[in-house]
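Worksheet: the structure to be examined is printed underneath.
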Amino acid sequence: MTNSTEHLTSPPLLKAATGHAMPSGALPLDFQALSQQIENWLVARNLRGMQLVQPHLRPGYLLRAARLFNLAAGSTVLIGTGFPVLNTFETDGPVGAIALYQCAEQLGLKPVILCGDPLFSVLNAHYQCYPLSVNQYQHLPVIAEQALAALKPALVLAIERPGFGANGRYNNMRGEDISERCASFDFFLTQARCPTLAIGDGGNEIGMGNVAAALSQLSLAGQLTITPSVTQCDELVIADVSNWAAWGIIAMLSLLRGQNLLANASVLPLLTFLVDNGCIDGVTRQPTLTEDGLPYQEGDALISRLQALVTAHIT
């Protein structure tokens with residue numbers, strides 16, 4: 001594991017607000033209903049067909065994901081992210097990874113971000129990181145096995161990480177083969193001896209193997225145009241933008257714990273940090289303060305909606 005001791009101007013920190021105990025006589029929260037409400041919010045725009053995929057997932061997947069993340073203090077959480085675009089990485093994925101990392105710290109966990117360069121070099125100055133090498137296909141199972149043995153995670157999480165297609169290659173949303181520029185994280189999930197969680201928004205990400213049959217059917221029907229990933233996980237969370245799913249998980253954790261972990265959440269500072277350090281929008285391929293072609297205000301609007309839901313139920 002590597003972690004630079006040099007700290008440059010740091011990204012903003014996500015701070016938690018202490019929640020209040022449920023008043024005596026108050027009805028217990030219906031976590032399943034709240035989970036399904038947020039699940040619907042996350043795919044409301046249906047930008048890349050995730051509304052069509054949602055019926056193929058057992059309802060309450062956001063609640064189950066939050067429970068996987070709700071670990072004992074001191075537990076290690078591995079967060080894999082970074083989807084190559086041109087010679088850099090897209091903004092969708094790293095924003096959510098940082099948010100989940102900071103949330104894990106608030107819970108007393110030990111998060112580690114796993115990614116390849118150039119994203120690794122950007123994040124390693126500020127976070128505990130572990131590098132993923134590019135073009136090591138013949139060694140991938142061994143690399144994952146050794147890392148898992150050394151890091152001893154209680155949870156392995158992938159957010160917007162390319163997943164193997166049926167041919168063992170990686171493809172982007174345009175159908176381009178990006179294998180030569182792509183570090184691999186698949187075996188970290190398939191070989192993990194702990195629960196695994198994945199987040200995706202298009203069908204070609206790690207975890208989408210859970211709904212591979214549905215993706216194939218939708219592709220044949222002309223409703224989706226994607227080379228689907230076959231890599232599976234224990235729990236899959238889908239969203240219109242993968243970053244948004246991270247905020248959804250944090251909101252669900254807040255409800256479970258009675259602690260507002262979204263109190264100071266904001267997309268703009270994280271996006272600014274990433275774009276200033278070379279990340280670009282994955283759809284437009286421009287260095288703009290956007291997520292998958294959407295202005296950052298869209299993400300902040302979702303956060304405001306989640307914050308209102310959380311505060312209404314824990315205060």
Side-chain angles (χ1 to χ4, degrees), residues 39-57 61-62 65 79-86 88-97 115 119 157-179 181-186 189 197-233 235-249 279-286 290-294 298-299 302:
E39 289 161 21
N40 291 336
W41 288 354
L42 292 178
V43 298
R45 298 286 297 271
N46 198 33
L47 300 173
R48 281 181 294 281
M50 290 300 101
Q51 255 185 31
L52 303 175
V53 173
Q54 189 185 33
H56 299 275
L57 292 171
Y61 51 84
L62 193 69
I79 305 171
T81 195
F83 205 114
V85 179
L86 302 179
T88 184
F89 287 83
E90 66 167 299
T91 53
D92 188 27
V95 168
C115 55
L119 183 61
L157 184 157
I159 174 168
E160 193 67 12
R161 276 291 323 181
F164 282 134
N167 62 354
R169 305 289 290 179
Y170 293 115
N171 292 88
N172 62 19
M173 60 182 288
R174 293 172 170 83
E176 300 165 346
D177 189 319
I178 58 172
S179 304
R181 295 183 282 116
C182 194
S184 178
F185 193 60
D186 301 66
L189 278 79
L197 168 61
I199 295 168
D201 62 16
N204 57 341
E205 302 92 356
I206 286 177
M208 290 293 181
N210 289 24
V211 289
L215 291 169
S216 296
Q217 291 170 3
L218 292 168
S219 294
L220 289 173
Q223 294 174 288
L224 286 180
T225 55
I226 199 76
T227 303
S229 167
V230 298
T231 303
Q232 298 182 345
C233 62
E235 206 62 62
L236 172 65
V237 177
I238 58 173
D240 290 328
V241 178
S242 289
N243 287 338
W244 296 1
W247 301 120
I249 291 172
C279 287
I280 61 176
D281 187 291
V283 172
T284 67
R285 298 184 169 185
Q286 297 299 312
T290 53
E291 304 170 286
D292 283 349
L294 300 175
E298 295 279 351
L302 173 67

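Both backbone and side-chain heavy atoms feed into the values below; hydrogens, waters and symmetry mates do not.
Atom CG of D92 and atom CG of N243 lie 4.0 Å apart (nearest 0.5 Å). Between L119 atom CG and E90 atom CD the span is 10.5 Å, to the nearest 0.5 Å. Distance CZ/R181 to CG/N172: 7.5 Å, rounded to 0.5 Å. We find the CD-CG distance between E205 and L236 to be 9.0 Å, quoted to the nearest 0.5 Å. A distance of 7.0 Å separates CG in N167 from CG in D177, rounded to the nearest 0.5 Å. The distance from the CD atom of E39 to the CE atom of M50 is 14.5 Å, given to the nearest 0.5 Å.
Between the side chain of R161 and the backbone N or O of G93, no donor-acceptor pair lies under 3.5 Å. Between the Q51 side chain and the V43 main chain, a donor and an acceptor come within less than 3.5 Å of each other. Although no hydrogens or angles enter the test, the distance criterion places no donor-acceptor pair under 3.5 Å between the side chain of N204 and the main chain of P228. Looking only at distances, a side-chain donor or acceptor of D240 sits under 3.5 Å from a matching main-chain atom of A44. T81 contributes a side-chain N or O that, together with a main-chain N or O of I159, makes up a donor-acceptor pair within less than 3.5 Å. Of the possible polar contacts, one joining the D281 side chain to the G293 backbone as a donor-acceptor pair under 3.5 Å is found.
In summary, the aromatic rings of F83 and F89 are positioned with their centroids too far apart to meet the 6.0 Å limit.
A donor-acceptor pair shorter than 3.5 Å cannot be found between the side chains of N210 and E235.
The shortest heavy-atom contact between G165 and V230 is O-CG2, 3.8 Å. A pairwise comparison of heavy atoms in A65 and L197 identifies CB-CD1, 3.5 Å as the closest pair. Taking all atoms of both residues into account, the shortest heavy-atom contact from W244 to L294 is CH2-CD1, 3.7 Å. Between E176 and R285 the shortest heavy-atom distance is OE1-NH2, 3.0 Å. The shortest heavy-atom contact between A245 and L62 is O-CD1, 4.4 Å. Between I206 and P162, the shortest heavy-atom distance links the atoms CG1-O, 3.3 Å.
Remark: N171 pairs with no residue by the side-chain hydrogen bond (donor to acceptor under 3.5 Å, both in side chains) rule, at least two apart or across chains. Applying the side-chain hydrogen bond (donor to acceptor under 3.5 Å, both in side chains) rule to D292 yields the partners R48; only residues at least two apart in sequence or on another chain are considered.
Of the options I199, D201, L57, a side chain to side chain contact (heavy atoms under 4.5 Å, CB included) to I238 is made by L57 and by none of the others. Residue Y170 is tested with S179, S184, S229 for a side chain to side chain donor-acceptor pair (under 3.5 Å); the sole match is S184.
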* Take E291 and R45 through the salt bridge (charged side-chain N to carboxylate O under 4.0 Å, His left out) test and state the conclusion after the steps. => CA-CA 13 Å; E291 304 170 286; R45 298 286 297 271; over 6 Å; no
* Asked: Under the side-chain hydrogen bond (donor to acceptor under 3.5 Å, both in side chains) criterion, do N40 and Q54 qualify, and how do the steps go?
  -> CA-CA 9 Å; N40 291 336; Q54 189 185 33; 3.2 Å; yes
Return a table of donor-acceptor pairs under 3.5 angstrom between the side chains of residues 212-221 and protein atoms on other chains or two or more places apart.
| from | atom 1 | to | atom 2 | distance (Å) |
| --- | --- | --- | --- | --- |
| S216 | OG | A212 | O | 3.1 |
| S219 | OG | L215 | O | 2.9 |

